[in-house]
Amino acid sequence: MAEVPEVETLVRDLQQAVVGRRFTGAEVLVPQAVRFPAPREVSERLAGRRVLSARRRAKFMLLSLDDGQVLALHLMLWGNLALRPFSVVKPEATLVVFALEGGEELVFSDTLGYARMALAPAEELARRLKLDELGPEALSDDFAPEVLARQLRRRRGPLKTVLLNQRVFAGLGNRDADESLWSAGLHPRRVAGSLSPPELLRLYEGILEVLDEGVRLRGTQRDLFGVQGGARHHRNVFGRTGEPCPRCGERVRAGKLGGRNTHWCPTCQPEHEATQASTPVATGAPGSLLDEGTSRQ
DNA sequence: CGCTACCTGGGT
DNA sequence: ACCCAGGTAGCG
């Protein structure tokens with residue numbers, strides 16, 4: 001599924017294989033996948049347009065076109081984007097197909113059906129998608145511990161929940177947030193604004209480590225050309241409930257935080273005076289006085 | 001800031 | 001049969 005390393009991988013592939021080429025049209029199979037304009041206008045607005053650039057902002061893929069429009073694609077949870085030779089037969093769960101000159105097509109698909117596209121002149125697109133309201137990018141040369149400090153300062157919510165809010169900080173998804181917190185040795189429920197300078201530095205380094213490795217391995221899913229990424233099994237805590245923590249051997253715990261699956265090592269990521277009381281629901285341990293060792297998936 | 005809706009395939 | 005999923009917008 002799509003977090004920043006997966007989206008970044010696709011964007012790099014788009015830069016290599018799609019930038020400089022022209023769309024010849026588009027076929028909208030699922031009108032709901034088009035936020036704007038009206039679904040039937042998409043093909044006409046794209047036909048003949050050359051792609052000038054591809055970039056990523058948070059988890060949006062943004063293709064700038066030669067008439068000032070921007071095509072935005074968001075994979076949400078399970079979306080996929082693939083470049084392939086034109087074929088009349090469309091893959092399962094195809095939402096929109098973008099035809100390129102030269103007989104290839106970009107297939108935008110999603111079995112869950114949450115993925116969305118949007119197309120509009122740059123300024124309008126930025127306004128309607130609120131791109132200017134997104135927080136600083138983790139994968140940016142400007143990212144620094146002080147940036148993290150500024151964004152977290154005065155936030156009273158749980159650290160992980162705040163880190164997942166792309167308007168505060170753009171770059172982490174559920175998996176990468178858990179992995180970054182494990183790397184930094186910070187409990188997901190720490191009060192976001194309570195981190196000391198050394199803790200902020202550890203978190204900064206953890207985030208960079210997790211994202212850099214994810215990007216280096218080209219994510220966990222297939223790239224634009226269908227090649228499987230190498231990061232699938234590079235997880236320390238996410239989805240490893242009950243397995244030993246790679247650092248200390250303690251069993252990895254799981255629970256819900258802000259409605260999201262959350263995984264952590266109780267030893268490496270200890271509770272703290274500024275850890276919020278309401279525990280991520282220890283799944284299956286209602287009213288748990290059974291704190292020690294009662295984690296499960 | 002926290003909750004729900006949005007959808008469907010796959011797992012329990 | 002039921003529950004859930006790595007994200008986000010929109011609402012109270």
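In what follows, every chain begins at residue 1, and chains take the letters A, B, ... in the order their sequences are listed. Both backbone and side-chain heavy atoms feed into the values below; hydrogens, waters and symmetry mates do not. These figures come from a predicted structure and were not determined experimentally.
Residue A:Tyr114 and nucleotide B:dC6 are classified as a stacked aromatic pair, their ring centres being separated by less than 5.5 Å at an interplanar angle below 30°.
Comparing C:dA1 with B:dC6, their P atoms are spaced 23 Å from each other, to the whole Å.
Counting only heavy atoms from C-beta on, A:Lys256 has its side chain closest to C:dC4 among B:dT8, C:dC4, B:dG2. Nearest nucleotide to the side chain of A:Asn174, out of C:dG7, B:dG2, C:dA9: C:dG7. For A:Trp78, counting side-chain heavy atoms from C-beta on, the closest listed nucleotide (B:dG9, B:dG2, C:dG7) is B:dG9.
Nucleotides of DNA chain B nearest to A:Arg116 and A:Arg154 differ in position, and the one nearer the 5' end is that of A:Arg154. Along DNA chain C, the nucleotide nearest to A:Leu164 and the one nearest to A:Asn261 differ in position, and the one closer to the 5' end is contacted by A:Asn261. Take the nearest nucleotide of DNA chain C for A:Met76 and for A:Lys130: the residue whose nucleotide is more 5' is A:Met76.
The pair A:Arg202-A:Glu205 does not meet the salt-bridge criterion, since no charged nitrogen lies less than 4.0 angstrom from a carboxylate oxygen.
Using a 4.0 Å heavy-atom cutoff across all strands shown, A:Gln32 reaches sugar-phosphate atoms only and no base atom. A:Arg155 comes within 4.0 angstrom of the backbone, heavy atoms only, and of no base.
Under a 3.5 Å cut-off, the side chain of A:Arg153 and the backbone N or O of A:Gly193 do not form any donor-acceptor pair.
One finds a side-chain N or O of A:His74 lying less than 4.0 angstrom from the OP1 or OP2 phosphate oxygen of C:dT8.
Ring geometry for A:His74 versus A:Phe60: interplanar angle over 60°, hence perpendicular rather than tilted (30 to 60°).
Straight-line distance from the CE atom of A:Met1 to the P atom of C:dG7: 10 Å, rounded to whole Å.
Screening A:Lys160, A:Arg235, A:Gln269 for a side-chain hydrogen bond (donor to acceptor under 3.5 Å, both in side chains) with A:Asp178, the sole residue that qualifies is A:Lys160.
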